[in-house]
Amino acid sequence: MTRGMTSFSLSKVFMFFSAIFLLHGLSPLNASVTRNYTFKVALQNVTRLCHTKSMVTVNGQFPGPRIVAREGDRLLIKVINQVPNNISIHWHGIRQLQSGWADGPAYVTQCPIQTGQSYVYNFTIVGQRGTLWWHAHVSWLRASLYGPIIILPMLGTPYPFVKPYKEVPIIFGEWFNGDTEAIINQALQTGGGPNVSDAYTINGLPGPLYNCSAKDTFKLKVKPSKTYLLRLINAALNDELFFSIANHTLTIIDVDAVYVKPFETQTLLIAPGQTTNVLLKTHSKIPNATFYMMARPYVTGQGTFDNSTVAGILEYKDSHVKRLPLFKPTLPSLNDTSFATNFTSRLRSLASGKYPANVPKKIDKRFFFTVGLGTSPCDLKNQTCQGPNGTKFAASISNISFIQPKTALLQAHFFGKSRGIYSPNFPYSPNWFNYTGNPPNNTMVTNGTKLMVLPFNTNVELVLQDTSILGAESHPFHLHGFNFFVVGRGFGNFDMNKDPSKFNLVDPVERNTVGVPSGGWVAIRFLADNPGVWFMHCHLEIHTSWGLKMAWLVLDGKLPNQKLLPPPVDLPKC
Ligand code: C2O
């Protein structure tokens, strides 16, 4: 590349980002700056599908505001709670090196922010660039409290792919006509499955395939012969989604804010918690057509689900003056596990000199956890519960259904007051049974608040094994505080004698949320180099509510930069 071209493209980058930054009051010139945001959590009436409801929002916006920052920046986000609910916000995928107090899951790293109170989340973005997102991390409030986090590369560092003409966040969500807090509370009381959503949304809009919704359609107006960077985020509560744009090919370049080896596809799969950056190259001539972009669920479980489709419209500029034929993409069938498997196996780390895949090679600790649904006894008086055979639905990791403590685990740990709050004895591996075979007679889970303790800098290998106790099901697993490498996956029971020899230690995908295949297993590796208490859970919110969650406690290292810092003075109290 010649000098002239470099300065030309930089000035265009400058112009483009100036536009973004002006919106946010940021200066594009400064590298590594502090960026301040104020998040007022307040009620706001929102209407979709002809239903108006009062929703918990940030700054009255639904979806919530975007955070735009650069790698290396410090973020100070003041969250002010002006609603009756307890609030906490999680910065999903941010590593939070030494800043575990800012991670956000309620009763894990902090007590929630009570009505009328505020808390400043203070953290620095280290070694990450791409798309992440923020969401409430208490009960089901993330149904309406979510938004994108866009992390630009450091100033002067180009993308390792063609420079996009424009960048567009596309955040999928779920709309419920009813109140989501009432829905989850009722489900937990009766023990049955929760009411399903009434629509999926793209940037908060359900689109024309729902009743009374055509005016609430996301439109992407494009120019011919341009490359658009779509930053896709799945913020749906309970559904993995297939996504496709009619007559257009997508190039996957990044997942969970880590670059991957680019590959082309018509359709992609994105689980709750995951992000996917794709390049969309528009046709070279303005076509005589408009195009639907559509998303609908990938479903493996037995229960009811929202079997509907969200659509947005891709429209070439000036083409709207005419009535043009509308093309629809073909999406895989709802239970197309072979599509899911093929798509997932194509994701590989870029593993370049500049963006290496630092896969842990020498493992210090190996763990094997089962994950799946189960039951717990009915505790209703004079009534049967609505779960399987009159019991209550439950879910567990290693057959332990996680009980939320009354105070935050990280506080309990830091101040040496863990007694009665948690025990440091999460089991290494469950009793053997045929995990994916015929279900055992006893489907009851046990309960507890148990943590797995790791010395600083432990190289961890973890196999997550789905169970078929109440039917096999895909579980998008999210680990806080770390990225991990997905070194292996397969169907049936994990075979510790045969399967590890097939692990990919060269260019496995690095991410923060991975699907445990339905009726199968996934093996991940990570380096526990971040002291604190780190939540790990299924990102299907109903499974989290049923107890499919646990936490790791990573101890301090010896050096000053290997220790968790003391909590901020405004850390909320329980
Ligand atoms: Cu995106 Cu623990 O969550």
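In what follows, residues are counted from 1 in the order of the sequence shown. Remember, it's 1-based here, ligands and their atoms both numbered in the order they're listed.
Backbone or side-chain N, O or S atoms of H137 reach atom 2 (Cu) of ligand 1 at under 2.8 Å. For a distance bound of 2.8 Å, the N, O or S atoms of H135 include one lying that close to atom 1 (Cu) of ligand 1. For atom 1 (Cu) of ligand 1, the set of nearby N, O or S atoms under 2.8 Å includes one belonging to H92. Among the backbone and side-chain atoms of H539, an N, O or S atom lies under 2.8 Å from atom 1 (Cu) of ligand 1.
Between the side chain of N59 and the backbone N or O of Q61, no donor-acceptor pair lies under 3.5 Å. For D556 (side chain) and L564 (main-chain N/O), a donor-acceptor pair under 3.5 Å exists by modelled atom type.
Closest to atom 2 (Cu) of ligand 1 among the N, O or S atoms of H480 is NE2.
Between the side chains of E240 and S474, at least one donor-acceptor pair of N or O atoms lies under 3.5 Å. Side-chain contact of T275 with W133: a donor-acceptor pair under 3.5 Å is absent, judged by distance alone.
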Self-check item: side chain to side chain contact (heavy atoms under 4.5 Å, CB included) evaluation trace for H135 with W91
Solution: CA-CA 7 Å; H135 62 78; W91 319 94; over 6 Å; no
